[in-house]
Amino acid sequence: MEDAHEKGARQNMKLITKEVSNPEKKFWIWDEKITNKQDGRIYPHNTTNVGSGKSVAVYQLSESGKEEQIAQLEIPDYKKLEEYYWQEKEICLDYTYIDEFEWLGDKAPYEVEGNPYREYEKITARAAIFYSEEPKLIHLMQLKIQSEDLDFSYAGFYNLNLDICDIILVNGNVEFSDAHIIETEISLGGIECGGSRYFTPEVSFRYIKARKSKILTMLMTQSLSLDFLCAKTEETEACLDPLPKTFENLCFVKSNISQVKLSNASIKELDIREARFDCLELLRCEILGKSNLSGSIKRFLFNDCINTNILRIALEDTEEVSFEDAINSGRIYFKDFPKLVEKITEKKNEQLLMLKENFRQLGEYDNEDICHLHYQKAKTKEEKRYYIRGLRRLLDWISGYGTKPCRTFLTIILLILIFGTAYYVIPCLQYQGVSGWLECIYASAITFFAVGYGDLFPATLATKMVSLVEAFSGVTMTSYFLVLLSRKVIR
């Protein structure tokens, strides 16, 4: 059965309102438990200070036309709200339904750039719904908030392009925790946070539910943390670029997001555990601290990036992996690397060499051999001269390009049996004093290993020529086998 807290995050999210009598001033959103009248202080308990006194029931209209109530909120007095906003008074929009945005003004960011910041004691809009029937661009900018967070916890955003830029929070953070973001683009830039009692400076999207939306960061003026803990989304993209600053911490633990793109980011800590992504792309990023990547990530792209610390990777259900132009001066630990290496496709050679060196430094020689094997196979496919390609394939067959001494040992046994059987079957290939097949195998073995007991010797010229070929093959293969075996043992 569907959780009532997820009602606002499904498709076909057209909303309608109906005015209702509400003498008790009880408001709620998503679930009647999320109300200003709850016991305790888990959910927002304040109500708006710019209310009109009118309450509305908010219904979600499904594709079939069925109405389902998702909230009971207060309509703000827009004239009063506009007055408070432009006179820099404290604004509380908790438990309100907002579908008019003229009170924010119509100036674009470039038109107010350089103007003095408007100062407010606080601005909150917890458990509020911001709704537009058609996509609408709105700006919240050039603000300095003295106390508390810029808080949109439990709020809903529908059909909006919300631009939050040039905001200073003296003693707070930006909060979107538990928000529902539907067909909305949220852009964050120029955010400065002072942190709160329990959290360092951050922008929080913990437990959000989103559909067909996009979250962007750009032109950051402070190194912040971003938290997407347990975010649940559909067809939603997060494009995070902190230039010219860095990310302190990026958390995607147990999050489900369609596409996450991190670009131009220096990241002090990246925590992605038990996540589900269609695509995770890191482009021109630098990993500065210990980081974890685990979960079901279909496409993992770590292109043109630098790792300087410990990076642990444990991916499931992966279809594509790329470390194109990546530089590793730290350590990368993989879980089930043999399965993962098969997913590396483009520019395979460069990536395999980087990973091979990584495993050599870690002492993970089995994974180093896997990289070497795949690197050599890729080189063989690229070889245009057919005879060189044939020799390389022979080398793969007899030794796995030097990574499988057991295969070389079996090749030695096979060659001894082939030559011994030839001595037994072919009339012109005879040894003096040899009568049965086992004696032919013995003759082949002492020739292959160049033992030279003197008890047997070739009876014909053809046998002498073939014996020379076998002796040369034996010396070569035995030396090669001992080199491979000693390499394995010494490591």
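Annotation for K54: atom NZ does not count as buried by contact number, only 12 or fewer foreign heavy atoms lying within 6.0 Å. No more than 12 heavy atoms of other residues, nucleotides or ligands sit less than 6.0 Å from atom CD of E24. Within a 6.0 Å radius of NZ in K37, other residues, nucleotides and ligands contribute more than 12 heavy atoms. Residue-environment remark: NZ (K379) stays at or below the threshold of 12 foreign heavy atoms within 6.0 Å.
Within the 4.5 Å cutoff, side-chain heavy atoms of L15 are placed close to those of Y97. The closest side-chain heavy-atom distance from I267 to S291 is not below 4.5 Å. Side chains of L262 and L270 form a contact here, defined as non-hydrogen atoms less than 4.5 Å apart. At least one side-chain heavy atom of Y78 sits less than 4.5 Å from a side-chain heavy atom of I98. Looking at N367 and V341, their side chains never come closer than 4.5 Å, going by heavy atoms from C-beta outward. The shortest distance between side-chain heavy atoms of S177 and Y207 does not fall below 4.5 Å. Between E83 and D77 the shortest side-chain heavy-atom distance does not fall below 4.5 Å. Side-chain contact check for D94 versus N36: every heavy-atom pair is 4.5 Å or farther apart.
With values rounded to the nearest 0.5 angstrom, K214 atom NZ is found 12.5 Å from S258 atom OG. In this structure, CD1 in I145 is found 10.5 Å from CZ in R118, a value given to the nearest 0.5 Å. The line from CZ of R299 to CZ of F277 is 14.0 Å long, rounded to the nearest 0.5 Å. Interatomic distance, S329 OG to N307 CG, rounded to the nearest 0.5 Å: 6.5 Å. Rounded to the nearest 0.5 angstrom, C371 SG and I344 CD1 are separated by 7.0 Å. Taking SG of C165 as the reference point, atom CE of M220 lies at 11.0 Å (rounded to 0.5 Å).
For D241 and N264, the side-chain atoms include at least one donor-acceptor pair closer than 3.5 Å. Residues S153 and D151 bring a donor and an acceptor atom of their side chains to less than 3.5 Å of each other. Counted by atom type alone, Q376 and R392 present one or more donor-acceptor pairs between their side chains at under 3.5 Å. In summary, the side chains of E316 and S296 do not present any donor paired with an acceptor at a separation below 3.5 Å, with no hydrogens or angles considered.
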As a quick check of understanding, evaluate salt bridge (Lys or Arg N to Asp or Glu O under 4.0 Å) for E368 and R360, giving each step before the final call. CA-CA 6 Å; E368 181 190 1; R360 187 190 67 78; 5.3 Å; no

Determine, stepwise, if the pair R206 / D227 fulfils salt bridge (Lys or Arg N to Asp or Glu O under 4.0 Å). CA-CA 6 Å; R206 287 186 290 270; D227 192 349; 2.8 Å; yes

Between T184 and S213, is the side chain to side chain donor-acceptor pair (under 3.5 Å) condition met? List the steps. CA-CA 5 Å; T184 290; S213 296; 5.1 Å; no

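Taking the ring centre of Y333 as origin, the terminal cationic atom of R312 falls inside the region bounded by 6.0 Å and 45° from the ring axis. No cation-pi contact links K33 to Y43, judged by a cut-off of 6.0 Å to the six-membered ring centre and 45° from its axis.
A salt bridge is absent between K343 and E320; no separation between the charged side-chain nitrogens and carboxylate oxygens falls under 4.0 Å. Of the charged side-chain nitrogens involved, at least one lies within less than 4.0 Å of a carboxylate oxygen, so that K488 and D369 count as a salt-bridged pair.
In this pair, F252 and F228 present their aromatic rings parallel. The plane angle is below 30°, not in the 30 to 60° band. Using a 30° and 60° split on the angle between ring planes, F300 and F323 fall in the perpendicular class, above 60°. Below 30°, between 30° and 60°, or above 60°: for W103 and Y85 the angle between ring planes is above 60°, a perpendicular geometry. Ring-plane geometry between F130 and F101 is classed as parallel, the angle between the planes falling under 30 degrees on a 0 to 90 degree scale with a further cut at 60.
Looking at E88, its side chain does come within 3.5 Å of a backbone N or O of E119 through a donor-acceptor pair. Proximity of a side-chain donor or acceptor of N171 to a complementary backbone N or O of Q146 within less than 3.5 Å is detected. Side-chain atoms of Q222 come within 3.5 Å of backbone N or O of C193 as a donor-acceptor pair.
Pairs engaging residues 243-272 under the salt bridge (Lys or Arg N to Asp or Glu O under 4.0 Å) rule: E248-K268, D271-R273 [sequence neighbours left out].
Of the residues I182, L137, I138, the one that meets the side-chain contact (heavy atoms from CB on, under 4.5 Å) test with L160 is I138.
For E319, the side-chain contact (heavy atoms from CB on, under 4.5 Å) test picks out K298, with sequence neighbours left out.
A ring-centre distance under 6.0 Å is not found for Y375 and Y401.
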